[in-house]
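Heads up: the structure comes next, in structure tokens.
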Amino acid sequence: MDESHNLHTLPPLATRAGAVHPFRAMRIGAQADMMEAAGVHVIKLNLGQPDYDAPEPVRTAMRDLYDGRALPYTEAKGLPALRRKISEFYATQHQVSVDPSRIVITAGGSTALLLAVALTVDAGSEVLIADPSYPTNRELVRAFEGVVVDVPTSAYTRFHLTPELLGQYWSKRTRAVMVTSPSNPTGTTIAPDTLRAVCDYAREHDAWRIVDETYLDLADVEPDGTRVPSVLSIDPDAIVCSSFSKYFGMTGWRLGWIVVPEATVDAVDNLATNFFLSAHTPTQIAAVECFSSEALAISERRRLELLERRSIVIDGLRGLGLPVDVAPNGAFYAYFDVSSTGLSATEFCERALQEAHVALTPGADFGEATADTHVRLSYAASRDDLREGLDRLRAFVGSLGAKRAQ
Ligand SMILES: Cc1ncc(COP(=O)(O)O)c(C=O)c1O
């Protein structure tokens, strides 16, 4: 039976299932995979997938766990030993005190975001989100029947919200602001003073602050040389979503966490119990090793390596006449402007894949404000791949110029 026939015989889907958007990055990835299957060598700079995996002590711990022992559920909030380690990490890495009782382990930062939105958003609640930003935030708010208020941002505010922007877009239905710092797609952090002012504004107007710090530990210093703080040292009642995927290189292991205010712990516990019972037990046990000195040293070396790769990419793109409006100081993304090529960002990505065999992500994945003008490049790829990708893009951009000159 073919699928179209099947759909006619099924009851209607929930509206949210039809309304949710796919990630273009995934579709481009699928196209790139098909090209590779046909023998084409594609340089993949489209996904937020680091080219490293979990640090060795974590892999060893995971191997040891598969010896036939029982692996029961943990409590819904997660393995106490892991929550204690995360709490210690906040103290040593970010000089902020977070009681382990406020930390809930999740299946990746994705499920942390799911819990954050489930906890705070009612039907009709308005949620302010910087445009451009990580697409899942919007989809989750809509799935819970909230209203996404996209706030266009620009290089002028490092592509982040400011209290002035909040003032322009605020309404009496505003229930939360969502901040991602360092940002996906721009790799820029929100300046600490701006973050403080945004949190103050939202708190004074009785709204939640949901801050996604998935990339925080990959961050370089702020442009003024100061260390990038966790929002928890600025606003202890912010809801923080975080992940083992990026700094610890554990994308496929599916582990993250959420930090919530003390008064909401029981509600989050109930949501977590009903949504997923507990995160994957062996992964939680193995992840305790992330905080060993050996694993932390490995992760730190990787962070420094990513900063080197950032220079290769930023210099390379500038040399191609494709400006990166604000240099990223976190994550592993460069968000560059392709307007000078005469192509829309989506056309640029489609043609770069077909003609130069380089996979990139168009701005349309991240909102509307920069959908036509900007493209995201992920530099969590090897130095060789980055250099080869830039060479191919040079030839591709050159061919566009030549065609326009004809
Ligand atoms: C900003 C941001 N938040 C959350 C996630 C979710 O990742 P994971 O579920 O692997 O932690 C991602 C993934 O790319 C991301 O870029």
Side-chain angles (χ1 to χ4, degrees), residues 21-29 44-54 58 78 82 86 103-118 127 129-141 143 153 158-161 177-190 210-219 228 230-231 238-259 272 275-276 279-280 283-284 287 290 299 306 328-335 360-361 363 365-367 376-381:
H21 296 97
F23 279 22
R24 283 174 184 76
M26 294 292 189
R27 210 178 55 209
I28 287 180
K44 293 182 186 163
L45 308 178
N46 54 315
L47 282 184
Q49 167 73 54
D51 68 333
Y52 49 84
D53 202 83
V58 182
L82 183 59
I86 295 171
I103 299 169
V104 175
I105 308 295
T106 58
S110 304
T111 314
L113 288 167
L114 172 71
L115 286 178
V117 174
V127 180
I129 299 179
D131 178 354
S133 61
Y134 185 57
T136 294
N137 297 349
R138 298 188 184 91
E139 302 298 339
L140 286 174
V141 170
T153 63
R158 301 176 52 74
F159 294 104
H160 280 287
L161 299 174
V177 295
M178 292 181 92
V179 173
T180 305
S181 178
S183 151
N184 178 3
T186 65
T188 55
T189 51
I190 184 169
I210 300 172
V211 182
D212 182 343
E213 295 189 340
T214 288
Y215 297 98
L216 179 66
D217 294 300
L218 285 176
V228 179
S230 164
V231 68
I239 295 172
V240 170
C241 299
S242 198
S243 176
F244 285 85
S245 290
K246 313 290 175 165
Y247 183 58
F248 295 112
M250 292 170 61
T251 49
W253 297 57
R254 310 310 303 129
L255 206 65
W257 71 89
I258 185 170
V259 182
F275 282 4
F276 53 83
H280 187 242
T283 303
Q284 292 192 70
C290 286
S299 298
L306 283 171
N329 63 320
F332 34 65
Y333 302 118
Y335 203 51
L360 298 159
T361 305
D365 244 3
F366 309 102
R376 188 193 75 176
L377 179 155
S378 164
Y379 53 82

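Only heavy atoms go into these numbers, but all of them, side chains included; no hydrogens, no water, no symmetry mates. Positions are given from 1 along the sequence. Just follow the structure's listing: the first ligand is 1, and inside any ligand the first atom is 1.
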(message) Among all the protein's non-hydrogen atoms, which is closest to atom 7 (O) of ligand 1, and how far away is it?
(response) S110 OG, 3.9 Å
(message) To check your reading of the model: name the closest protein heavy atom to atom 2 (C) of ligand 1, its residue, and the distance in Å.
(response)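 Heavy-atom neighbour on the protein nearest atom 2 (C) of ligand 1: D212 OD2, 3.4 Å.
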With the side chain counted from C-beta on, respond yes when [X] and [Y] share a heavy-atom pair under 4.5 Å apart, and no when they do not.
X: Q284; Y: L255; value: yes
X: Y335; Y: T188; value: no
X: S378; Y: K44; value: no

Numbering as shown, the atoms of ligand 1 that approach [X] to under 4.0 Å (heavy-atom distance):
X: G108; result: 9 (O), 11 (O)
X: T180; result: 1 (C)
X: K246; result: 13 (C), 14 (O)
X: S243; result: 8 (P), 11 (O)
X: R254; result: 8 (P), 9 (O), 10 (O)
X: S245; result: 8 (P), 10 (O), 11 (O)

(message) I want to confirm something. Looking only at heavy atoms, which of F244, W257, Y134, W253 is nearest to atom 15 (C) of ligand 1?
(response)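 It is Y134 that holds the nearest heavy atom.
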(message) Strictly distance-based, threshold 3.5 Å: is any side-chain N or O of T186 a donor or acceptor partner for the main-chain N or O of F159?
(response)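 No; zero donor-acceptor contacts below 3.5 Å.
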(message) Under a 3.5 Å distance rule, please check whether T106 uses its side chain to pair with a backbone N or O of G108 as donor and acceptor.
(response) yes
(request) Give yes if a backbone or side-chain nitrogen or oxygen of G109 is under 3.5 Å from a nitrogen or oxygen of ligand 1, and no if not. (result)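 The answer is yes, given that G109 and ligand 1 share an N or O pair closer than 3.5 Å.
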(request) From the options L140, L113, L161, select the one residue that forms a side chain to side chain contact (heavy atoms under 4.5 Å, CB included) with M178. (result)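 Only one of L140, L113, L161 forms a side chain to side chain contact (heavy atoms under 4.5 Å, CB included) with M178, namely L113.
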(message) My understanding is that only residues two or more places apart in sequence, or in another chain, count here; which of them pass ring pair (Phe, Tyr, Trp, His ring centres under 6.0 Å) with Y379?
(response)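 Partners of Y379 by the ring pair (Phe, Tyr, Trp, His ring centres under 6.0 Å) criterion come out as none, since no residue qualifies.
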(message) For Y215, give me all partners under ring pair (Phe, Tyr, Trp, His ring centres under 6.0 Å), at least two apart in sequence or on another chain.
(response) F332, Y333
(message) Heavy-atom pairs closer than 4.0 Å: do any link ligand 1 to the side chain of Y215, the backbone, both, or neither?
(response) side chain
